Amino acid sequence: MALSGPDGVSGQPSKTQEKRGKETVLQAVPGRMAAPGGDGRELNGQGENHEKSKSKQEKGKGENLEERGLLEKPVGIHTKAARPEEGRGDSRSTQEDLSCREQEPKERGPGEERARKEGQCHHEKGTQDGREAVPGDGSEQVPVRKTKPRDARKCEELLERKQLQDDDKEGTDVWAVKMKTDHDERLAGGTRVSKGTRNDQASGPGSVVSRRGKKRRVLRAAEEGAGKSKERKLEGQDQKDKRSREREAQRRSELSEGAAEWQVQGQAPAGTQHTSREESHQRGVKRARGREDVEKEEEPVGAGVSSGNEKKVDQEGERGQQKTDGSRWRWWEEEKSQDVKWTQLEHKGPYFAPPYEPLPDGVHFFYDGKPMKLSLAAEEVATFYGKMLDHEYTTKEVFQNNFFSDWRKEMTVEEREVIKHLDKCDFTEIHRYFVDKAAARKALPWQERQKLKEEAEKLQQEFGYCILDGHREKIGNFKTEPPGLFRGRGDHPKMGMLKRRVMPEDVVINCSRDSKIPEPPAGHQWREVRSDNTVTWLAAWTENVQNSIKYIMLNPSSKLKGEKDWQKYETARRLKGVVEEIRSQYRADWKSQEMKRRQQAVALYFIDKLALRAGNEKEGGETADTVGCCSLRVEHVRLHPEAGGCKHVVELDFLGKDSIRYYNRVPVEKPVYKNLQLFMENKDPGDDLFDRLTTATLNKHLQDLMCGLTAKVFRTYNASITLQEQLRELTSAEDSTAAKILSYSRANRAVAILCNHQRATPKTFEKSMKNLQAKIEMKKEQVAEAKVELKKATADFKTKGDGTSRSFLEKKQRLLEKLEEQLVRLHTQATEKEENKQVALGTSKLNYLDPRISIAWCKRFRVPVEKIYNKTQREKFAWALAMADEDFEF
DNA sequence: CACCTCACTTAGTATTCGGACT
DNA sequence: AGTCCGAATACTAAGTGAGGTG
């Protein structure tokens with residue numbers, strides 16, 4: 001498993017490179033293949049060192065994964081971007097490794113069953129397509145971002161024409177192979193890419209225009225004249241039931257009109273009352289009505305504490321604790337509530353960020369070389385910037401401009417007169433002050449630190465819990481967000497803007513009416529206090545940068561979160577039952593007469609196979625330009641009739657959530673390919689690929705197929721089912737615990753790759769890898785030494801043959817065994833480390849993998865659950881821990 | 001339908017913790 | 001006792017999707 005020697009890390013760019021990289025154009029570059037037979041699928045060994053990064057043993061495992069079609073999905077591929085514009089010394093070419101699957105005409109059932117077990121084919125070396133211009137790499141024309149309403153009739157015509165060509169029913173079901181970018185490429189813009197470069201199209205002057213209107217217009221046009229075909233309902237009755245229930249609920253809530261208007265309005269001075277207050281009041285009333293209605297009916301069933309009697313509450317709490325002796329509320333053993341989230345909710349309100357502490361006299365801000373005493377408000381904002389001086393953000397123009405403009409708003413008139421240019425501002429003293437302060441804090445004597453810890457604990461105890469239906473539940477975030485500079489991710493147009501301090505006057509409190517209403521800080525008022533038990537939040541405020549609402553909610557270990565989580569997996573399990581039907585339906589729809597239907601079917605295919613996110617539309621200019629499935633644009637897709645020995649290869653390259661790049665080359669079934677050609681025809685790069693589709697319509701369609709089905713359920717389903725399959729495949733009972741855990745980790749990683757969960761290579765990676773290598777070397781020496789000694793002992797025993805020499809020999813044998821074992825463990829560790837350097841396992845573990853799968857696996861293979869889930873995770877998944885036995889099947 | 005708000009989940013990164021090592 | 005380092009936690013941005021309104 002030889003983890004490449006020193007070169008194992010040689011590809012790491014310097015920090016500066018890294019920084020620059022993030023601002024740089026995302027460049028796809030002519031690629032070359034990984035070494036034939038190389039395990040290109042895995043993320044480990046990415047980059048120039050990847051060929052050497054695996055031992056035979058490790059490869060063996062990997063191949064096993066591959067043969068069984070590791071998820072049939074994404075598989076890591078290594079690409080390397082050269083960034084000539086940065087004058088990098090090593091103008092490395094892309095190193096791509098496309099492992100893809102042979103078409104396999106394996107058909108099960110009427111529809112083309114997806115063949116999950118195709119072989120692997122590799123790309124030929126060299127450029128796959130001579131790709132010169134990459135969307136947004138600057139070398140191509142920068143398309144004007146526009147989604148032209150397309151004449152519906154024209155589309156239908158095209159469609160008809162196309163249909164003639166692709167009426168054949170080829171059973172090409174080739175599996176997706178995901179090409180992972182390698183480290184360098186991600187840094188070159190892979191991980192997060194600047195819009196100003198790759199996605200310039202979207203930041204052009206006209207691009208800020210919301211895309212919504214356009215798409216909708218197109219949709220409307222398309223809908224006209226589109227034949228309505230019978231919709232298949234997989235769960236029609238269920239659906240009907242749900243709707244009638246909803247109608248009933250609505251009717252009831254209308255009846256109870258005026259029942260509850262319990263609202264305590266804050267008495268803040270007029271100036272602080274917000275314009276939206278009226279609205280929110282109305283909403284509150286509306287909600288309260290609905291709630292009141294439900295409350296009345298549900299009370300008897302509830303926890304029986306709706307009277308808010310404190311004593312009763314305490315008893316309940318105690319009882320809850322005693323029940324489990326571990327103080328856990330076994331809510332999963334109780335009946336599930338429906339719309340009502342709680343009957344009793346009591347808490348202390350949020351904990352506010354401490355007020356600003358002015359800089360000491362010795363710390364100065366300089367303007368144009370001269371010290372300048374700033375007003376408190378201006379100084380505070382200056383410190384926000386000063387603190388970040390060594391962060392990449394402060395080098396970005398957008399950040400600087402936003403900051404400066406917002407900062408000036410905080411200045412006094414006189415200050416504004418003077419401070420006109422950011423580049424004349426000198427924050428270095430401020431910066432140094434905070435660096436020193438942090439260092440001083442770190443260097444605090446043990447006692448002092450202990451004291452701080454105790455204080456934090458006290459705070460946690462006081463503000464960090466609430467009482468929900470008689471049980472003490474932990475709050476997830478009980479502090480308001482402190483003021484600072486907005487740190488948008490990727491190429492966010494608002495980065496650097498001032499995020500203002502949250503005041504009690506901004507905060508809406510939600511608690512039960514008969515509870516102790518939290519006290520606002522002295523001299524302040526809440527904006528509003530309401531009692532809405534149809535929602536789960538305890539407090540909320542509107543943040544000024546994005547104008548979005550921030551909430552104080554419960555910890556994942558709470559009932560409210562746990563129940564929802566459980567329900568999520570149950571929905572995914574229901575999908576399991578109908579997914580094949582859905583698949584055959586979307587396959588059929590690829591040939592639909594209706595454009596919208598085709599687009600829907602292809603989009604769904606992507607969502608299902610590639611685990612893409614739904615891709616809601618976003619407001620242009622307000623956020624970074626990122627997309628998901630429905631919002632894909634033509635520029636994000638490239639079609640290759642043939643690539644790497646596979647036919648019908650689709651290349652997807654776009655920035656997804658958090659501006660994480662998704663890059664994948666995947667062979668698709670022929671109809672999909674043909675449809676994509678059709679969808680892209682006569683469109684500009686900036687046009688929507690699925691111009692007839694929105695997430696809303698897609699989800700509506702899904703809802704018809706299965707109650708509760710939405711696009712994101714596919715992600716959950718595919719992630720969980722993949723874990724289960726992988727675990728089954730990779731684990732053998734006779735493995736050591738360590739080996740089993742490695743298998744788990746691999747299965748987990750397969751999911752992470754599927755879901756494109758990436759992370760920046762840890763800053764300490766290079767160093768810690770070196771350390772590990774050193775350890776391995778040392779261990780090797782020890783092993784060699786032990787071998788020599790064993791030899792000696794053997795010889796000694798042969799000559800002497802007495803008891804002493806015998807026991808000495810045995811001792812040496814044991815020692816050698818132990819050392820060898822340790823060596824293996826170290827190697828394993830190193831392999832894992834390498835493989836995981838850019839893959840974030842936590843996200844899928846926490847959000848996509850049904851915990852019962854893992855728990856069942858632990859039980860079946862006698863792996864302690866603690867090896868898989870840490871304390872926090874066990875708390876979050878307490879419900880699963882309690883209910884999953886070793887036979888659990890997702 | 002278009003637009004908008006709201007609630008809640010999912011996400012990556014920064015910071016802190018705590019134990020091993022020196 | 002101090003340092004180092006990975007793991008755990010804290011933080012908050014960025015998604016999804018439901019539902020209201022006109």
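Just so we're clear, the structure is a prediction, and the values are computed from it rather than from any experiment. Quick note: numbers below take in every heavy atom, side chains included, and nothing from hydrogens, waters or symmetry partners. Lettering follows sequence order; numbering is per chain, from 1.
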Checklist line | Upstream residue (5' side of DNA chain C) when A:Ala711 and A:Lys499 are each assigned their closest nucleotide | finding: A:Lys499
Check: Are any of A:Asn699's side-chain N or O atoms less than 4.0 Å away from OP1 or OP2 of C:dG17?
Finding: yes
Notebook entry, point to check: OP1 or OP2 of B:dC8 less than 4.0 angstrom from a side-chain nitrogen or oxygen of A:Lys341, does that happen here?
Noted result: yes
Next item on the list: By nearest nucleotide on DNA chain B, pick out whichever of A:Arg449 and A:Leu560 is the more 5' one.
Entry: A:Leu560
Next item on the list: On DNA chain B, check which nucleotide each of A:Lys775 and A:Thr716 is closest to and give me the residue with the more 5' one.
Entry: A:Thr716
Would you indicate what [X] reaches in the nucleic acid, counting non-hydrogen atoms under 4.0 angstrom: base, sugar-phosphate, or nothing?
X        : answer
A:Lys871 : nothing
A:Gly628 : nothing
A:Trp537 : sugar-phosphate
A:Tyr551 : base
A:Asn616 : base
A:Gly656 : sugar-phosphate

Margin query: Distance to the ring centre below 6.0 angstrom and angle to the axis at most 45 degrees; does that hold for A:Lys494 and A:Phe486?
Written below: no
Notebook entry, point to check: If we ignore angles and hydrogens, is there a donor and acceptor under 3.5 Å between the side chains of A:Ser631 and A:Lys618?
Noted result: no
Margin query: Please check this pair: side chain of A:Lys596 against backbone of A:Asp691, looking for a donor-acceptor N/O pair closer than 3.5 Å.
Written below: no
Check: Are the side chain of A:Thr571 and the backbone N or O of A:Gln567 linked by a donor-acceptor pair below 3.5 Å?
Finding: yes
Checklist line | Distance-only donor-acceptor test (3.5 Å): side chain A:Lys657, base B:dT10 | finding: yes
Using the side-chain heavy atoms of [X], tell me which of these nucleotides is nearest: [options].
X        : options                : value
A:Thr843 : B:dG12, B:dT10, B:dT13 : B:dG12
A:Ala614 : B:dC8, B:dG12, C:dT16  : C:dT16
A:Val535 : C:dA18, B:dG12, B:dA7  : B:dA7

